[in-house]
Structure formats: C-alpha cells, structure tokens
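Heads up, the thing below is written out as structure tokens.
Bear in mind that the values here come from a model prediction, so they are computed numbers and not experimental data. For ligands, and for the atoms within them, numbers begin at 1 and follow the listed sequence. Heavy-atom basis, side chains included; hydrogens, waters and symmetry copies ignored.
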Amino acid sequence: MPRSDATSPRPAWLYREYEPVGVDLGSPAAVAAYDRHQGTDPDADDALLERLGVAAGTRLVDLACGTGSLVVQAACRGAEAHGVDVSEEMLAFARARAQRSSVRAHWHRAGFLDYEHRAEPADVVTTKSALHQLPDFWKQRALLNAAGMLRPGGTFYLWDVVFSFEPSQAHQHLHRWINTAGHPEGQGFTRADFEAHIREEFSTYAWILEGMLQRAGFDIIALESRSPTHGEFLCRRR
Ligand SMILES: C[S@@+](CC[C@H](N)C(=O)[O-])C[C@H]1O[C@@H](n2cnc3c(N)ncnc32)[C@H](O)[C@@H]1O
C-alpha cells in the first residue's frame, strides 16, 4: 500500500509517479489491448519464475505488475504473490485474471516510490518493462525501496528497455529498434509508440543501472543484453 501521508506529509518535490509518461497504457482500450501488444506469455512468465526459484511459500512482489500475468503465475505455483501498480485499470484486469485462474494474490495500488511492503520481507522482487517510467534520480530511489522490501540474500530481477550500445552509436540503434519493432496501426505497438518511448520515457544505459543497483545494495549476479536496446539484471540483495 502507498506510504501514509498522515505522519509525514508528501513533499511537493516528490515525483508524480501516478501520472505515467509516454505511451498510453492506462486507458480502458490500452489495458484491453496490452497483452496482445506486449506479447504477454504466461508460459514465458512461468519459465522466468522457475529460473528465479519461485515455489510454494515464496514471497514475491512484482512492481508495476500491469495485467498481472507474472503475479498470477506465481500464485499458481503456491507463492504469496503481491502485484503493485499505479493504474487502477491494470489492477482491475489483473484481479480478473487471478479470479479466472482461481488463485488468490495481493494487489496494491501503489508505485515504485511509495509502495510500502507491510508483509514479511520478500524473497523475490521483480519488475519488467516499467522502471523506465522514472527519471534516473527516481530510479535510484525505487531501487532502494525494492532492496528495502527484500530479505538479505533475496533476489531482484529487472527486465526493461536498457541500452547497451555505445553512446556514439545511439542514433543507428534506436532507428533499427523503431524500424523492426513498430507494427502497423491496430496490430501492436506502433512506430509512433516507440518514438514516444524514446522521446518521453526514461530508458537509460546498462552501465548507469549497474551503478544504481550496486548503490541500492545489490550484487549483480548476471547481466544479459538480449539486444542493444533490451536487457535484464539478476541481482542478489547484500
Ligand atoms: C509496460 S507496462 C509493464 C507491465 C508488466 N510488468 C509487464 O511486464 O507486462 C508498465 C506498467 O507500469 C505501471 N507504472 C507506471 N509507472 C509506475 C510507477 N511509478 N509505479 C508502479 N507502476 C507504474 C503502468 O501502470 C503499467 O502497468
């Protein structure tokens, strides 16, 4: 749940994380189309959970859970699964997904910055395709918050649009990404969506995230760049 305002008023300089930037993902139409556009694949989510060792009794928090596929798959494995998202529309979709699968999960309308984990410390914290919603200063705060909800030795998994190309070659790599990933209107995320991502969202370089993760209290176990524009970090909380 979000941090309480009762004892410590929210400073006026706090980032407005409930006002997402860039591509529209929060409207009812965007939520309904999200899984198709994103290529959400419950089997792939399940394979990821297997890699992360998520099993019965594991306490998992998925930050920016979106339509909830990973959380529901974790609950299907018997995990105590928490999904956190700023979007009420996304959470409604995720709750319905859990209901269809006849599993119980915990849903929290909260953000990277203000989610307060009230349960016992988590074994696994995940976040996919979302940390880029925050500018770098706020990413660092989000990572500190994620570390704070994990037990020592717990796992943090981050997947996102992460740049591993040489900064001097940004132009060509970004063009290639837009040209290959953009779909015609109505068939998925479009060129205009990827252009908006680059222009208005806050994807950053892997080497910047490496420093942030280390400063947040994580050891990086594995860093994999599937392409020059996407990457994943597997981390252990010190
Ligand atoms: C591209 S979707 C990713 C959803 C899901 N993790 C996935 O892998 O499909 C980004 C999600 O981040 C959520 N979001 C945006 N800013 C957020 C924030 N500051 N804290 C938590 N969730 C946020 C959006 O509502 C949206 O559901």
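- Contacts of Val86 with ligand 1, taken as heavy-atom pairs under 4.0 Å, involve both backbone and side chain.
- The environment of CZ in Arg215 is sparse: at most 12 heavy-atom neighbours from other residues, nucleotides or ligands sit within 6.0 Å.
- The closest approach between any non-hydrogen atom of Cys65 and ligand 1 is below 4.0 Å.
- Contact annotation: Thr40 has no heavy atom less than 4.0 Å from any atom of ligand 1.
- Close approach of ligand 1 to Leu25 (heavy-atom distance below 4.0 Å) involves ligand atoms 1 (C), 2 (S), 10 (C).
- Considering backbone and side-chain atoms together, Glu17 places an N or O closer than 3.5 Å to an N or O of ligand 1.
- Under a 4.0 Å criterion applied to the non-hydrogen atoms of Ser87, ligand 1 contributes the atoms 25 (O).
- For ligand 1, the polar-atom distance check against Phe112 finds a nitrogen or oxygen pair separated by under 3.5 Å.
- For atom 15 (C) of ligand 1, the nearest non-hydrogen atom of the protein is Gln133 CG, 3.6 Å.
- In this structure, atom 1 (C) of ligand 1 lies nearest to the protein heavy atom Ser129 O, 3.1 Å.
- Phe189 places none of its side-chain heavy atoms less than 4.5 Å from the side chain of His197.
- Here the protein heavy atom with the shortest distance to atom 6 (N) of ligand 1 is Ala64 O, 2.7 Å.
- One finds a salt bridge joining Arg77 and Asp46 here, because a Lys/Arg side-chain nitrogen approaches an Asp/Glu carboxylate oxygen to under 4.0 Å.
- Within 6.0 Å of CZ on Arg141 lie no more than 12 heavy atoms contributed by other residues, nucleotides or ligands.
- Some N or O of Lys128 is nearer than 3.5 Å to an N or O of ligand 1, by distance alone.
- Taking all atoms of both residues into account, the shortest heavy-atom contact from Asp35 to Thr67 is OD1-OG1, 2.6 Å.
- Considering all non-hydrogen atoms of both residues, Ala81 and Val71 come closest at CB-O, 3.5 Å.
- Note on Lys139 versus Asp160: no salt bridge recorded, every NZ/NE/NH1/NH2 to OD/OE distance being 4.0 Å or above.
- Within ligand 1, the atoms closer than 4.0 Å to a non-hydrogen atom of Gly111 are 20 (N), 21 (C), numbered from 1 in the order shown.
- Heavy-atom proximity to atom 4 (C) of ligand 1, evaluated over Tyr34, Phe189, Trp159, Trp138, is greatest for Tyr34.
- Ionic pairing of Arg236 and Asp219 is not present here: no N-O contact between side-chain nitrogen and carboxylate oxygen is shorter than 4.0 angstrom.
- Using a cutoff of 4.0 Å between basic side-chain nitrogens and carboxylate oxygens, Glu224 and Arg226 are not scored as salt-bridged.
- The pair Arg199-Glu195 does not count as a salt bridge, with every side-chain nitrogen at least 4.0 angstrom from each carboxylate oxygen.
- Judged by the shortest distance from any of its heavy atoms, Asp85 lies inside the 4.0 Å radius around the atoms of ligand 1.
- Heavy-atom contacts of Gly66 reach the following atoms of ligand 1: 4 (C), 27 (O) (cutoff under 4.0 Å).
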